[in-house]
Amino acid sequence: MTPRTPPPAGSSTAPAGAPTSPETKASSPAAAPPDPASSAPTGSDLGNGLKQRHLSMIALGGVIGAGLFVGSGAGIASAGPSVVLAYALSGALVMLVMRMLGEMSAAHPASGSFSVHAERAIGPWAGFTAGWMFWMLLCVGVAAEAIGAASIMTGWFPGSPDWLWVALFMVLFCATNLSAVGNFGEFEFWFSALKVAAIGAFLVLAVLAIAGVLPGSDAPGARHLTGEGGFFPHGADGLVTGLLASVFAYGGLETVTIAAAESEHPARGVAKAVRTAMWRIAVFYVGSMAVIVTLVSWRDPEVSTKGPYVAVLDNLGIPAAGQVMNVVILAALLSAMNANIYGSSRMAYSLVARGQGPCFLRRLSRGGVPSPAVVASSAFGFLAVLLSYWWPDTVFSWLLNMVGAAVLVVWGFIAAAQLRTRRRLEREAPERLLVRMWGFPWLTWVALAAMVAVLLLMLREPDTRTQLYFTGGLAVVLSAVGMARYGRGRGAARGDDSGVRGEGEAVPAQATPARGGREGTRARTD
């Protein structure tokens, strides 16, 4: 069946006097000429059970991961007080990336997010490479988070095997994602609410302690910022190490643009989420680092061993600080597991719907959930956990290295796609620019230059150099496969999965899997 292209919003799609049913509108030979920017979607009947409160909290909590609670300790130990500058610089880069992604996602909401945008703007090979690389990144992330959550549980229940907790968490979140998308939204809503409340309470206590009004604490002044080796105790090398640690702590923010495709108002939802990115990054990351290095010495061994948040709470005399933070960290890990299974399954479904993966993953449940994609993503994550037990220093280490710099590759595709997409939108559909990239095109080029700079900085350290080599190899292999199978041309002729409900536009006829593996057609309109 030859896919058809949707007409521009508001245009007539049938001759005078012809029936005006959705089927006629979608398939009339008198339809308007194809829009060169988009061809017919290849099937996106995903549900729309995410409410605005779900999307808002996913966006709010998505920036708070276990890397902030635990991983930031390594950055503080390396950079000292200058870690604040490191997080501010990397945060500025992430804000630019999210603004670019928000501009494209608000104009064309799609479950494939940046993979769809890369295919439309650059070519099928780009969408294939960015999508499958991100899928692998999320699946390996599921494994890492499951292992971390299991270690917390075995600390609370000594003698219980790690694999039991891993299996329990994998089954729980696989089942959650197999049910209606609203269940995923509810889990993420409450997980995110807990994380936001914990960070908020921590910041309030820290600010009171810095001001000297918290009972039992004295105002520290600037002694930890300037009196222990200065603001740059390890010079530029320490700042670079902290910068590399902070850049990868921001990974995962992209999931909100994937989730927006299944929300009540995709375009408005993603626009609102992206616009709040600036203050979320400033408060949660930069603000947290600022109060931590003000209240405790960057040389305190607890910062690295127990985590910076526990070190601060212990310093303030908060009882059972370690256990309180373990609960919060467990929530952060489980939230990330849940979100990564969701994001990886939707990315896999989007790729398959565009003909870039095994067709059996394209099936949807009655509730609009890509069940085979959920199971496949969960299974890959569980396999990665097993690999961590069987071959921790070889196969699992290779997996971790292959996705070590994957987020930078994805960001590069986002920036390149935005450069092309923005010109097209200004020319053909300026009304779709609900979110606009600041200082276009100059800030987009600045962001690209910053990504290249980070990649070059990764060559300085042995560990990050290995990650760069492995990730680069994976990107080259995926690009070669994509070019060989799908060509190097622009993706306009292939279409995308952006048949989600945009604001006030008709959704064209779509090919959806029917029972027995046959393909049927159906038109949906708003």
Side-chain angles (χ1 to χ4, degrees), residues 41 44 46 48 50-52 54-63 65 93-121 126-127 130-131 133-135 137-138 141 181 184-185 188 192 250-278 280-281 336 339-351 353-354 406-407 409-418 421-422 425 432-437 444 447 496-503:
S44 181
L46 296 173
N48 62 321
L50 292 179
K51 303 182 185 299
Q52 185 58 49
H54 293 151
L55 200 62
S56 297
M57 195 57 78
I58 289 170
L60 194 61
V63 76
L93 173 59
V94 173
M95 282 190 282
L96 294 179
V97 171
M98 286 302 295
R99 191 75 182 186
M100 289 184 273
L101 182 55
E103 178 182 284
M104 295 184 290
S105 296
H108 298 288
S111 62
S113 186
F114 51 82
S115 174
V116 168
H117 308 321
E119 178 173 342
R120 291 165 63 94
M133 180 167 279
F134 191 71
W135 179 83
L137 170 64
L138 294 187
V181 69
F184 159 77
E188 279 305 289
S192 295
Y250 288 108
L253 279 171
E254 306 84 0
T255 303
V256 70
T257 61
I258 296 174
E262 294 184 78
S263 65
E264 295 172 315
H265 304 289
R268 287 207 305 266
V270 74
K272 182 177 180 181
V274 168
R275 284 174 180 143
T276 60
M278 180 179 293
R280 285 186 282 120
I281 290 172
N340 285 353
I341 291 175
Y342 170 83
S344 58
S345 65
R346 268 48 178 189
M347 182 59 72
Y349 173 78
S350 171
L351 287 160
R354 290 177 276 140
V407 70
V409 177
V410 169
W411 290 353
F413 277 114
I414 290 172
Q418 193 265 340
T421 302
R422 173 64 172 268
L425 286 170
R432 287 180 175 268
L433 285 169
L434 304 181
V435 177
R436 289 177 179 265
M437 174 60 182
T444 301
D496 58 37
D497 74 337
S498 59
V500 295
R501 297 169 303 109
E503 293 298 314

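Only this structure's heavy atoms are used, side chains among them; waters, hydrogens and symmetry mates stay out.
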Engineer: With a 4.5 Å heavy-atom cut-off, do Phe184 and Ile341 have their side chains touching?
Structural biologist: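 With C-beta onward as the side chain, the pair stays apart.
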Engineer: Please report the shortest heavy-atom distance between Ser113 and Leu101, naming the atom on each side.
Structural biologist: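 That would be OG-CD1, 3.6 Å.
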Engineer: How close do Ala106 and Ala271 get, heavy atom to heavy atom, and via which atoms?
Structural biologist: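 Taking Ala106 first and Ala271 second, the nearest heavy atoms are CB-CB, 4.4 Å.
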Engineer: Looking at CZ of Arg436 and CZ of Arg99, how far apart are the two atoms once the value is rounded to the nearest 0.5 Å?
Structural biologist: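 Reported to 0.5 Å precision, the distance equals 10.5 Å.
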Engineer: Does the side-chain contact (heavy atoms from CB on, under 4.5 Å) test come out yes or no for Met104 and Val116, once each step is laid out?
Structural biologist: CA-CA 10 Å; Met104 295 184 290; Val116 168; over 6 Å; no
Engineer: Closer than 3.5 angstrom, by distance alone: can the side chain of Ser105 be matched with the main-chain N or O of Gly102 as a donor-acceptor pair?
Structural biologist: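 It does not hold such a pair.
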Engineer: For Thr255 and Ala339, which heavy atoms make the closest approach, and how far apart are they?
Structural biologist: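 Thr255 and Ala339 have their closest heavy atoms at CG2-O, 4.1 Å.
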Engineer: A side-chain contact here means heavy atoms from C-beta on lying under 4.5 Å apart; do His117 and Ile414 qualify?
Structural biologist: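 Counting from C-beta outward, His117 and Ile414 never come under 4.5 Å.
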Engineer: Give me the atom names and distance for the closest heavy-atom approach of Gly127 to Ser115.
Structural biologist: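 Closest approach of Gly127 to Ser115, heavy atoms only: O-OG, 2.7 Å.
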Engineer: With sequence neighbours excluded, what pairs up with Glu103 under the salt bridge (charged side-chain N to carboxylate O under 4.0 Å, His left out) test?
Structural biologist: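 Applying salt bridge (charged side-chain N to carboxylate O under 4.0 Å, His left out) to Glu103 gives Arg422.
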Engineer: Are the side chain of Ser344 and the backbone N or O of Trp135 linked by a donor-acceptor pair below 3.5 Å?
Structural biologist: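 No: the side chain of Ser344 does not pair with the backbone of Trp135.
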Engineer: If you look at every heavy atom in Ala107 and Leu425, which pair is closest and at what distance?
Structural biologist: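 What the structure gives for the nearest pair is CB-CD1, 3.8 Å.
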Engineer: Considering all heavy atoms of both residues, which atom of Ser111 and which atom of Ile258 are nearest to each other, and what is their separation?
Structural biologist: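 Reported closest heavy-atom pair: O-CG2, 3.3 Å.
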Engineer: I'd like to know whether Phe413 forms a side-chain contact (heavy atoms from CB on, under 4.5 Å) with Glu119, so could you lay out the CA-CA distance, the side-chain angles of the two residues, the decisive distance to 0.1 Å, and finally the verdict.
Structural biologist: CA-CA 10 Å; Phe413 277 114; Glu119 178 173 342; over 6 Å; no
Engineer: Does one side chain, of Arg346 or Ser350, offer a donor that lies under 3.5 Å from an acceptor on the other?
Structural biologist: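 The answer is no; no qualifying pair exists.
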